[in-house]
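What follows is one structure encoded as C-alpha cells, with my remarks underneath.
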Amino acid sequence: MKTQIAVLVGAFLLLAAWPWIGSSYGMDLVNKIMIYALLALSLEVLVGGTGLICFGQAAFFGIGAYAAVKFTPSTGEAPSLLVALPISIGLAGLYALAVGALSLRTQGVYFIMVTLAFAQMAYYVVHDTPLGGGTDGIYLYAKPALGSWLDLDKPLAIYGFTLASLTAVFVLLAIMRRGQFGRALDGIRVNELRMRATGFSTYPYKLAAFTLSGAIAGWAGFLFAVKDGFVNPELLSWHLSGTVLIMIILGGMGHLRGAVMGAFAFTLLEELFRSEAVFGSLSKHWHLGLGLFIILSVALLPKGLAGLPRQIRERLAGKLLGTHHIPADDAVRPQENT
Amino acid sequence: MNGASNTVLLRGHRLTRRWGGLVAVNEVDLELHRGEVHAVIGTNGAGKSTLINLLSGQFSPSSGRVELLDQDVSLWPQPRRARAGLGRSYQRNTIFGEFSGMENCRLSAQAAQQRPWRWWQSVTSQPDLMAIARNVAQRAGLADCIDRPAGLLSHGQKRQLEIAMCLATRPKVLLLDEPLAGMGAEETERMLVLLGDLKSDHAILLVEHDMDAVFRIADRITVMVNGSVIASGNPTEIRDNELVQSAYLGGH
Amino acid sequence: MDLATFLIQCLNSLQYGLLLFLVASGLTLIFGIMGIINLAHGSFYMIGAYMAYALAAPVAATFGGGFFSTLLVGLLLSVVLGYALEWAFFSYLYDRDHLQQVLMTYGLILVFEELRSIIVGDDVYSVAPPPFLSGSLALGEMMTYPVYRLFVSGVCVVLAGGMWWVFTRTRLGMMIRAGSQNREMVQSLGIDIQLLFRIVFAAGVALAALAGMVAAPVSSVYPGMGSTVLIICFVVVVIGGIGSVRGALLAALLIGFGDTFGKVLLPQASGVLVYVLMAGILLWRPMGLFKS
C-alpha cells in the first residue's frame, strides 16, 4: 500500500515537472494523454467499478467538448471557468442521466448495444444538424479564464489545469471506492442478484454511477475543446468509445491506476504505429498494427498492465512451487482498490 | 408446537404462477410462524423454487397474495421485501467470492442501513456495520476465517457464509433454499445446530431434499407435487400420510 | 405524397429492410447460438461489396461470366472465409466474456479495414447491375421503378424462405436449434458441435457478404459501409430480440420503413429516427420484441 502511494506521488511529480523536461510537442502529447486518462477514469467507474460495459462513452465526452464551444460568447471575451466547466459537466451528466434511465432497463449484451446506439444518436445530432456545425466542426474563439490569474489560453495553464483535474478526480474516486456508495457499486459488479436479495435497489445505484461517469467524461471533453480550440463530430464517434474501452482493459480493470496507465500505454503505442520513422510507408496503415495489437493484448493480457506484476508473480510462484493451483480471483480488499 | 409465539410472519395466500400454459405453482397456501421451521419438500419440478421466488419477490404472482408482517407485499420487488425483514439464501452459493468473508457480511449489513450519500466516509470507519458483520460471522460459526477471500472457503463454509449474510440485515423471516446442498455429514450437523439456534427468533422456510434433516428439524412440513400442495402438517402426520408416501417418500 | 411516390417509398423501404434482415440475421444467429457478440459482422458486408467490385474483372476474364458468376464466386469465397475465420479466430472467443469479445472483434474490424485499404484502396466504386436487370418497371403512368431493386428484394425473400426451410425442415436446422439450447447435450449425442458452429458461422458470414454483393449496385462501394450497417444491425437485433430470426425480420422491416419514410418526411432528423424508435421500443420491452 505504501509503495503504491509512493509510486502515485512519484508519477504526479513527474507529470508536474514534465513541461520543463519535455519539448513543447511532448507537453502537448502528455496533455492529450492526461485528458484521455480522465476519460478512461470515467469509464472505469462504470466498467471496472460497477460492471456495466458502456460502448457509448464518446457521446458524453463530445457533449462536454461541444458545450465548451457553444456556450462561449461570440463576442470573443473569455468565458469564466467557473461557468463554462460546470456547463460542460452538467450537460454531459444530464445526457448520461437520460441515456442511463433508459439503457439500464436492459441487461448484458443489450446494454452494450443500446449504449452504443444512444451515442450514435448524439453523433448524428451533432453531425447532421446545424447545432453541430457539420463535419467541419467548430472553432473555440475564446478560451475560458478564471479571473486574471488563470488564463487557459496559455499552454502551461491548460496543462496544469488538466493535471489538477486528473489528480482531483483520481483522488475523489479513490475515496469514493472506500465509502458505502463505492462498495455497493462493487457489490453490484460481483453479484447483483445477491445485492438485490439483501435489500439494495440496484437501479438507482447504477443510474447514479452512470450519471457520474458521464459527467466526468464531459469534464474531459471540456478540457479537450479548450486545449485544441476545435471540436468536430468525430469526438462522438464509436471508434473513440471503443478506444477508451481498450485503454481500460489494457491498463487493467478494477484499478483506477489501470485507467491512467492504459491511456498512456495506448496513446504512446498509437504514436509508435503512426510514426514513419519506425514503420516507413506502412505507417499509413497503422490501424492494422493497432488492430492486431488490440487482439493480442486482450487475448494474452486479460488483467491488463496493472495485473501484470501479479500475473508474473503467479507464474514464477507456479514454476518454483511446481503447483498449478493458483487462486484465480484474489480478494480485492477495499483499501487496495487504487 | 412448543408454546412459542404463533404469530404468522409470512403468509402465502392462494399463490399461483403461470408461465404461458404451464402452471408452476397452483393455489398454494403457506404460513410461516415465528419460532418454527417450516419445510417444503417435493420432487424436482414440483414448484418449490418457484414458490420460494414468489415469496422472496423475484417474480410476482399470477394470482394470489404474499403477506409479510401483515402487509400485502405481492407487488413489492425483492429488495424492498428484503429491507422489510425477509432474508433469502440460494441453492447455489451467491456470495461475493472476490471479497473477504468479512466484507461479505459487512456489505450485507450495509443493505439495512444504507447511507450512500456520505460517499467520502470509508466503510472501515463505520463501527456499527463492522460490529454487525463480526457478530453474524460469529453466530454462523465463521469467526476464524472471515478474513480470507470468500471464494477460497470450503463449500460448507460458503453455505454458512450465505446464512450469515442473510442474518446481517436482521430479518424476521428466513427463506432458505437447500442450505444443506452438497454438504458432508459433519457440515450438515453444524448447519442443523445453527438452524435450530436461529429458530427461536425467526420464522424459517426450508426447502430441502435431505429427508433425515427435514424430519429432524422441521416443525411443520408441506409437500408439493406438480405445483400443488398435497399435504401439510407436522412431521408425524406427514410421515403417516398415504398420499405423501406414494407420491414422494416411496419405499424409503 | 401522391400514390406513386408512396408506392416507390414502400418498395424502397421493403428493399432496405430486407437487406438489413439478411445481414442482421447472421448477427443474431451467431450471438444466439454461439454466444459471440461480433462487432466485425459489418465488415463482412463491406467485404462482400468490395468483392462484387474487385472480382468482376477477374471472373469475366477467367470464366467469361458476368454478374451472377461474380456473385457465385464471391459466395464461395465468403463461405471459405467464414469457415477459416471461425477456425482461426472466433473459436477462441466462446469462453471469453462479452467485453473481451467486443474488443477482440473491434480489433478485427481495424484489421479488415486496413487490409481492404491495402488491397483495394479507399476509393468509392460503383458496380453495374447485369444488363437484363438494369431497366425500369413502369408504375402507373408517370413513375418507374428500377428492376434491380426489385431483384434485391426478391433475393432477400428467397434467402429468408430458404433459412426458414432449413431451420424447420432439415436435420441441420434441428441440430442448430438444439445446439443453441444445450450445447453439451448435443455433443453427447455424438454431434460435432464444433463443426456445427463452424457451419453456422460460415453461413452468417456468407449471408452478410451476399447482402453486400447484392447491394453494391444500389448503394455503391465505399469504405465506411461496414460501420454504418453494423450499428443499424445492432439496433435491429436489439429491437428484434437477440437470437430471434423472426424478431430480426420484423425489426428490420420496421427500421426499413421508419428510416425511409423518415428521410422523406423529416430529412433533418433522419439519422436520429432509428435510435428514437429503438428507445421507444426498449421502454416498452427491454428484451426486444421476441425472445429467442
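Lettering follows sequence order; numbering is per chain, from 1. Scope of the values below: all heavy atoms of this structure, side chains included, with no hydrogens, waters or symmetry mates.
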statement: Turns out that what part of A:Ala101 lies under 4.5 Å from chain C's heavy atoms comes down to neither

message: Does any part of the side chain of A:Phe210, heavy atoms only, come nearer than 4.5 Å to the side chain of A:Cys54, both counted from C-beta?
response: yes

- prompt: Is there a donor in the side chain of A:Arg196 and an acceptor in the side chain of A:Thr202, or the other way round, less than 3.5 Å apart?
  reply: yes

task: Inspect the contact between A:Glu44 and A:Arg177 and indicate whether a charged nitrogen and a carboxylate oxygen are less than 4.0 angstrom apart.
output: yes

- request: With a 4.5 angstrom heavy-atom cut-off, could you sort out which part of A:Leu288 is near chain C: side chain, backbone, both or neither?
  value: both

- prompt: Among A:Gln107, A:Gln120, A:His285, which has the most heavy-atom pairs under 4.5 Å with chain C?
  reply: A:His285

field: A:Ile112 portion near chain C, given a 4.5 angstrom heavy-atom threshold
entry: side chain

field: Whether C:Phe44 and C:Phe201 hold their rings parallel, tilted or perpendicular, with breakpoints at 30° and 60°
entry: perpendicular

message: Any donor-acceptor pair under 3.5 Å linking the side-chain atoms of A:Ser213 with those of A:Gln57?
response: yes

field: Engaged part of C:Ser227 at the chain A interface, taking heavy atoms whose separation is under 4.5 Å
entry: both

task: Go through the atoms of C:Phe234 and report whether side chain, backbone, both or neither lie under 4.5 Å from a heavy atom of chain A.
output: both

Interchain contact, C:Leu230 with chain A, by part (heavy-atom threshold 4.5 Å): side chain

query: Are A:Arg274 and A:Glu270 close enough for a salt bridge, meaning some N to O gap below 4.0 Å?
result: yes

field: Aromatic ring pairing C:His98/C:Phe31, orientation class (parallel under 30°, perpendicular over 60°, tilted between)
entry: tilted

field: chain A contact via C:Leu103 - which portion, at a heavy-atom distance below 4.5 Å
entry: both

C:Ser91 and C:Gln194: side chain donor to acceptor below 3.5 Å: no

query: Does one side chain, of C:Thr260 or C:Gln9, offer a donor that lies under 3.5 Å from an acceptor on the other?
result: no

- request: Return the option, out of A:Phe55, A:Tyr124, A:Phe293, A:Tyr110, with the maximum number of heavy-atom pairs under 4.5 Å with chain C.
  value: A:Tyr110

- prompt: What part of A:Tyr123 lies closer than 4.5 angstrom to a heavy atom of chain C: side chain, backbone, both or neither?
  reply: neither

query: Between C:Ser117 and C:Glu113, is there a donor-acceptor pair closer than 3.5 Å when you use the side chain of the first and the backbone of the second?
result: no

query: Cut-off 3.5 Å, side chains only: do C:Asn38 and C:Thr105 have a donor facing an acceptor?
result: no

- request: Check whether C:Ile232 gets within reach of chain A through its side chain, its backbone, both or neither, counting any heavy atom under 4.5 Å.
  value: neither

message: Please identify, among C:Ile37, C:Ile231, C:Val274, the residue contributing the most non-hydrogen atom pairs under 4.5 Å to chain A.
response: C:Ile231

- request: May I ask you to name which of A:Ile294, A:Ile53, A:Ile295 has the most heavy-atom pairs under 4.5 Å with chain C?
  value: A:Ile295

- prompt: Can you check whether C:Val238 reaches C:Ile281 side chain to side chain, under 4.5 Å on heavy atoms?
  reply: no

- line: Per-residue tally against chain C (heavy atom, under 4.5 Å) across A:Leu292, A:Val114, A:Val125, A:Val47 peaks at A:Val114

task: Could you have a look at A:Ile249, A:Asp128, A:Val99 and say which one has the most heavy-atom pairs with chain C under 4.5 angstrom?
output: A:Ile249

- request: Below 4.5 Å from any heavy atom of chain A, which atoms of C:Leu273 appear? Answer side chain, backbone, both or neither.
  value: neither

- request: Could you look at C:Val111 and say if it's the side chain, the backbone, both or neither that has a heavy atom under 4.5 Å from chain A?
  value: both

task: Check whether C:Val276 gets within reach of chain A through its side chain, its backbone, both or neither, counting any heavy atom under 4.5 Å.
output: both

task: Please test C:Phe197 against C:Tyr94 for ring pair (Phe, Tyr, Trp, His ring centres under 6.0 Å), starting from the C-alpha separation and ending with a verdict.
output: CA-CA 10 Å; C:Phe197 281 1; C:Tyr94 293 137; 5.3 Å; yes

message: Just so I understand: if I count every heavy-atom pair under 4.5 Å between each of A:Ile246, A:Val109, A:Leu245, A:Leu296 and chain C, which residue has the most?
response: A:Val109

- prompt: Which bit of A:His127 is near chain C, if near means a heavy-atom gap under 4.5 Å: side chain, backbone, both or neither?
  reply: neither

statement: Honestly, the part of C:Phe89 sitting under 4.5 Å from a heavy atom of chain A is side chain

